[in-house]
*Asks:* 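Sharing a structure below in structure tokens format, with a few things to ask.
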Amino acid sequence: MIDPKLLRSDAVGVASNLARRGFAFDADAYLALEDKRKTLQVDTESLQSERNKSAKRIGQAKAKGEDIEPLLAAVNDLGARLEAAEASLQSVQTELRDIELGLPNLLSDDVPDGDSEDDNVELRRWGSVPEFAFEAKDHIELGEALGGLDFDTAAKVSGARFAVMQGGLARLQRALIQFMLDTHTSEHGYQETYVPYLVHAHALEGTGQLPKFEADLFKTTTERPYYLIPTAEVPLTNLGRDRIFEAEDLPLRLTAHTPCFRSEAGSHGQDTRGMIRQHQFEKVELVHLVNANESKDALEAMTAHAETILQRLELPYRVVALCAGDIGFGATRTYDLEVWLPGQQRYREISSCSNCNDFQARRMKGRVRNAETGKPELLHTLNGSGVAAGRALIAVLENYQNEDGSVRVPDVLKPYMGGIGTIA
RNA sequence: GGAGAGAUGGCUGAGUGGUCGAAAGCGCUCCCCUGCUAAGGGAGUAUACGUUAAUAGCGUAUCGAGGGUUCGAAUCCCUCUCUCUCCGCCA
């Protein structure tokens, strides 16, 4: 959520920032509603004040044994007036909040202009794209030939956009996950965390998936619905919900491996083949909870942590800064890591690292006590993939393939594979 | 799933309709006293929102959440959530 005070004081400035994303914010309509709120709130609170005073007077009179009838008569219609005022105030406040919850985060000034992913700006490349003396296969062909990747059976069980993996491939994915968690916890200072995979709506509202993107989520039909997490960002970031951290508790670096569930509504026809875009996939997530002045640096650090994974795996990748039109709802600045996929002859997203500044913290009331003033302030949150395991598996298969269709195991994964050097 | 007990400020814990935003203790901050330490005395110490130049005043809200009764609710009623104990079941 954008600071309501900023919305009031500079609605036009906010509108022009959001326009860079292609988001239309009607500043005039918002300010008109704001004026209405102000009047109603002042009226309502003065009625409340009146009620409180007379209630107190009645109490004192009664204590002295005086006749309270005339006092009661004087407040006769106050209740009805107050009720009406409270009702209209609440309806305006709900309306305002609905608008506020629907506004994406303000973009950082250094976000490049642009409308789509074509306008993202490449910052750097790492590694060299492999040259094969034969025609490189894609992960589907490789996986199915190895006998460990089965979309047909998955379709029988669960339909499209699911995969069954067995044997060496299943183990390879597990090895990737273990390797990532171990690296982040032992070298990058992250705390390994186990989190619920089903969460309540308020958690998703805190991170920004709700109320706007309900269609992207899977939801249970239980009496009180649960949502399947679309990313571990949701439970991890919400660990800071309704909390006031002491300054020395931060920064907090959290990591978790979870499955992620996405309905992929609206992505029909995209990446229907293979494991690129699934309803269920594994990911190792990184989350930082930091002091407000630390988030800019934290984004660079987090991105470097994700890059370390790809470097150790010796997978060629590039880093791009997402442009205004491609950046996510809650982010003020985002770097994507894109790994080279020989089967597609292009770079594909494998990690997305975002600084959300106080956008999520305000929604979930995550705060930190200022060491000097002693006052609670909103903390800043960041999240990033460190990295997507399913896509890392694809990248390993395609980049480490041999001519005969076997796949070499990256050196750093061998300890996790029982020393196996090749999957055949 | 059955039965019962709870949820109050940073913590412990009082408070069953009327100056209660809330006793007391602990903790913390500042001051005083005491030639270090310890002990003692005093003052202060929630959050959000509104108004405002103001983190000065003033006002409003908040005692798990939501609703209700009432002139007035931490206190009474209803619903929900969570925690604890016992029984059952279970990886």
*Asks:* Let me know, please, whether A/His200 or A/Ser49 comes out on the 5' side of the other along RNA chain B by nearest nucleotide.
*Replies:*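 Result: A/Ser49.
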*Asks:* Are OP1 or OP2 of B/A48 and a side-chain N or O of A/Arg367 less than 4.0 angstrom apart?
*Replies:* yes
*Asks:* For A/Gln48, report the nucleic acid contact type (base, sugar-phosphate, nothing); a contact means any heavy atom under 4.0 Å.
*Replies:* sugar-phosphate
*Asks:* Using a 4.0 Å heavy-atom cut-off across all strands, classify A/Arg362 as base, sugar-phosphate, or nothing.
*Replies:*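 Counting heavy atoms under 4.0 Å across all strands, no contact is made by A/Arg362.
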*Asks:* Answer yes or no: is there an ion pair linking A/Arg97 with A/Glu34, defined by an N-O contact shorter than 4.0 Å?
*Replies:*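 So A/Arg97 does not pair with A/Glu34 through a salt bridge.
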*Asks:* As a test of reading the structure: which of B/U19, B/C49, B/U47 is closest to the side chain of A/Gln60, going by heavy atoms?
*Replies:*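 Given the options B/U19, B/C49, B/U47, the side chain of A/Gln60 is closest to B/U19.
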*Asks:* Measuring from the side chain of A/Lys56 (C-beta onward, heavy atoms only), which nucleotide among B/G21, B/G50, B/G18 has the closest atom?
*Replies:*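 The closest nucleotide is B/G21.
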*Asks:* Given the side-chain rings of A/Phe329 and A/Phe359, with only the six-membered ring counted for Trp, is the space between their centroids under 6.0 Å?
*Replies:* yes
*Asks:* On the nucleotide B/C28, are OP1 or OP2 found under 4.0 Å from the side-chain N or O atoms that A/Arg369 carries?
*Replies:* no
*Asks:* Is a donor-acceptor pair below 3.5 Å formed from side chain A/Lys62 to base B/G18, judging by atom type as modelled?
*Replies:*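 Under the 3.5 Å cut-off, the side chain and the base do form a donor-acceptor pair.
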*Asks:* Among B/U47, B/C49, B/C71, find the nucleotide with the atom closest to the side chain of A/Ala55.
*Replies:* B/C71
*Asks:* Taking only N and O in the side chain of A/Arg51, is any of them less than 4.0 Å away from OP1 or OP2 of B/A73?
*Replies:* no
*Asks:* P atom, B/G66 versus B/A74: distance in rounded Å?
*Replies:*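 To the nearest whole Å, 13 Å.
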*Asks:* Using only heavy-atom distances, decide whether a donor-acceptor pair under 3.5 angstrom links the side-chain of A/Glu45 to the base of B/G50.
*Replies:*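 Checked by distance alone, the answer is no.
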*Asks:* How far does the P atom of B/A23 sit from the matching atom of B/A43, given to the nearest Å?
*Replies:*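 So the two P atoms sit 14 Å from each other.
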*Asks:* When you measure from the side-chain N and O atoms of A/Asn52 to the phosphate of B/C71, is any distance below 4.0 Å, counting only OP1 and OP2?
*Replies:* no
*Asks:* Judged by modelled atom types alone, do A/Tyr190 and A/His305 share a side-chain donor-acceptor pair under 3.5 Å?
*Replies:* yes
*Asks:* Using the P atom on both, measure B/U69 against B/A56 and round to a whole Å.
*Replies:* 38 Å
*Asks:* Which part of the nucleic acid does A/Lys38 contact within heavy-atom distance under 4.0 Å: base, sugar-phosphate only, or nothing?
*Replies:* sugar-phosphate
